[in-house]
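Written below as structure tokens is the structure these notes are about.
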Protein chains: 2
Amino acid sequence: MINLEQLRKIYKFGRDIGVKDAYTLIASAKSVSFKKRDMLIEEGSQKNQIFYIRKGLVRQFCINDKGEEVTFALIPEYHMVVNADVLLFEQPSRFYYEALEPTKVFTMENEKLQSIISANPRLEANRKFALRKILKDAMYRVESLVLLSPEERYKQYLIDHPDMVNRVPDKYIANVLGITPVSLSRIRKRIKNHHKS
Amino acid sequence: MINLEQLRKIYKFGRDIGVKDAYTLIASAKSVSFKKRDMLIEEGSQKNQIFYIRKGLVRQFCINDKGEEVTFALIPEYHMVVNADVLLFEQPSRFYYEALEPTKVFTMENEKLQSIISANPRLEANRKFALRKILKDAMYRVESLVLLSPEERYKQYLIDHPDMVNRVPDKYIANVLGITPVSLSRIRKRIKNHHKS
DNA sequence: GCCAAAAATTAACAAAAGATAATAAAACTA
DNA sequence: TAGTTTTATTATCTTTTGTTAATTTTTGGC
């Protein structure tokens, strides 16, 4: 059972949502737990599912032409997992979504979510809020990739996600920043040395 | 005066919009023309204006710490200009928006746009459509920056924006791709040579 | 068409990044 | 805890990029 305190925390992302509306959503959502290394979404999936991470950490990755895994995003608790391929690009998912930690989510078919929102106009504001958050994150990331050097990008990442570095291997973070693990290791060394002097 | 054919073309971006609704919007929008090098938005602006480019080309750029202009985006006709700083990040614009060609836009205060949409529920679908387009573009760009090398990124850019290369200096495109103009020149040379062999 | 300004290319060098492999450190498991 | 596996670091070498400046090419205005 979920109490009000938890509810408020869960809906941290939805600044404007009321408790009643949150209940409406949660009541219709499936609550699912994933063990470490379980897949939330497989490559090729066409299912239009939306996840909300209550607890845990999800890694979005694809397999490149050399057969290597490339981590594209690290998505922690209080964030949404939306599959852009299915939701926006109307194509099968090119990405896997894997739980890196024991992970608890609420999940719902997008169609169902949309019909619930239609039936509860107050939720519309929340949908807008969630979409804006996703857009903000994407914009912010474009900015850091275009305007910052890899080293600056890593420093900013540490500021923006201070806990992430303790939760996942560096090689995942390297991929997210668009560089190789070897290069990240060198950047870390460089920063350490500059700091000493 | 604007005829129906023009209207359909203008609203290319709004797949689902009806002619009546388009008129509602256009009737309330200001139609503005910019000469080459005019600024649509200045750095520091707090105005929450939305632009729709009917014709022309807009360059979004900022000034970096060395005082150099860095082009962040190139926005051609049939696209929206939204100032993410004001609209999403609630801060003064860090960017300039400059017309690179004689440019005609429709423009409206975001508040006004929102109230018109509230009063015309059919427009809601169009708002969603426009927002999704912006999100798609941002996501696509993140992907190309994270997963592709600069050379691959340039090749993809040529495919996605085949006309852009004839409309703007290469140095702007280099910035958009997150590389220096010198580096882009070398990439172009490399591609030309590989193609020959 | 000529001239001035802007842009693109090239050169030369330094710095950083990619690739691959070897080694060291850490994390996981039996 | 010992042993295995994974991850991080380091080394070596190649490639690419950044930086700065010189040179060539292109563009735009008169």
Side-chain angles (χ1 to χ4, degrees), chain A residues 35-38 57 59 61 64-71 74 98-102 144-158 164-197, chain B residues 35-38 57 59 61 64-71 74 98-102 144-158 164-197:
Chain A
K35 292 197 292 281
K36 205 173 162 170
R37 301 216 187 141
D38 280 354
L57 183 54
R59 174 173 81 109
F61 70 95
N64 69 11
D65 28 310
K66 288 168 204 147
E68 304 154 336
E69 294 185 2
V70 181
T71 299
L74 295 163
E98 173 198 30
L100 287 187
E101 302 174 358
S144 91
L145 288 160
V146 170
L147 301 178
L148 303 183
S149 68
E151 183 168 333
E152 294 169 320
R153 206 147 65 234
Y154 175 64
K155 285 177 180 164
Q156 191 58 48
Y157 191 88
L158 289 181
M164 198 60 79
V165 82
N166 303 313
R167 292 173 76 178
V168 307
D170 284 344
K171 63 176 182 169
Y172 294 160
I173 291 172
N175 286 170
V176 170
L177 298 176
I179 57 181
T180 61
V182 176
S183 189
L184 177 56
S185 175
R186 287 188 288 228
I187 287 172
R188 284 157 57 84
K189 189 180 185 182
R190 232 152 51 206
I191 291 173
K192 213 192 294 180
N193 291 342
H194 276 112
H195 200 264
K196 262 197 298 199
S197 67
Chain B
K35 291 196 293 279
K36 207 172 161 171
R37 297 206 194 150
D38 281 353
L57 183 54
R59 174 172 81 110
F61 70 94
N64 68 11
D65 30 309
K66 288 169 205 147
E68 304 155 335
E69 294 185 3
V70 181
T71 299
L74 296 163
E98 173 199 31
L100 286 187
E101 301 173 357
S144 92
L145 288 160
V146 171
L147 301 178
L148 303 183
S149 69
E151 183 169 332
E152 294 169 321
R153 206 146 67 233
Y154 175 64
K155 284 177 181 166
Q156 192 59 49
Y157 191 88
L158 289 181
M164 198 60 80
V165 83
N166 302 314
R167 292 173 75 177
V168 306
D170 283 344
K171 61 176 182 169
Y172 294 160
I173 290 172
N175 285 170
V176 170
L177 298 176
I179 58 180
T180 60
V182 178
S183 189
L184 178 56
S185 175
R186 288 187 287 227
I187 287 171
R188 284 156 58 83
K189 190 180 186 182
R190 232 152 51 207
I191 291 173
K192 212 192 294 178
N193 290 341
H194 276 111
H195 201 262
K196 261 196 299 198
S197 65

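Convention: sequence-line order gives letters A, B, ...; per-chain numbering from 1.
In this structure, the side chain of B/Asn175 does not engage the main chain of B/Tyr172 through any donor-acceptor pair within 3.5 Å. Between the B/Arg59 side chain and the B/Leu100 main chain, no donor and acceptor come within less than 3.5 Å of each other.
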Audit row: B/Glu101, B/Arg167, side chain to side chain contact (heavy atoms under 4.5 Å, CB included) steps and yes/no
CA-CA 9 Å; B/Glu101 301 173 357; B/Arg167 292 173 75 177; 2.9 Å; yes
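Pairing each heavy atom of B/Leu74 with each of B/Leu57, the nearest pair is C-CD1, 4.4 Å. Among all heavy-atom pairs drawn from B/Ile173 and B/Val165, the shortest one is CD1-CA, 3.8 Å. When all heavy atoms of B/Pro150 and B/Ile179 are compared, the closest pair comes out as CB-CG2, 3.8 Å.
Paired with A/Ser149 under the rule side chain to side chain donor-acceptor pair (under 3.5 Å), one option of A/Glu152, A/Arg153, A/Glu151 passes, and it is A/Glu152.
Atom pair B/Asn175:CG and C/dA7:P shows a separation of 12 Å (rounding to whole Å applied). Straight-line distance from the CG atom of B/Asn193 to the P atom of D/dT15: 15 Å, rounded to whole Å. Residue B/Ile191 contributes atom CD1, which lies 14 Å from atom C1' of D/dT16 at whole-angstrom precision. When the C1' atom of D/dT27 is taken as reference, atom CG of B/Leu100 falls 15 Å away, rounded to whole Å. Rounded to an integer number of Å, the gap from A/Leu148 CG to D/dT17 P is 18 Å. The distance from atom CZ of B/Arg153 to atom C1' of D/dT16 is 13 Å, rounded to the nearest whole Å.
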Strictly under 4.0 angstrom, non-hydrogen atoms only: write out the protein contact profile of nucleotides 11-30 of chain C, one letter per nucleotide from the 5' end, B, S or -.
BB---SBBBB-------S--
Give each protein N/O atom lying under 3.5 Å from an N/O atom of nucleotides 4-8 of chain D, with the pair distance.
residue: D/dT7; atom: OP2; partner: A/Lys171; partner atom: NZ; Å: 2.6
residue: D/dA8; atom: OP1; partner: A/Asp170; partner atom: N; Å: 2.4
residue: D/dA8; atom: OP2; partner: A/Lys171; partner atom: N; Å: 3.2

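Residues A/Tyr154 and A/Val176 fail the side-chain proximity criterion, which asks for heavy atoms closer than 4.5 Å.
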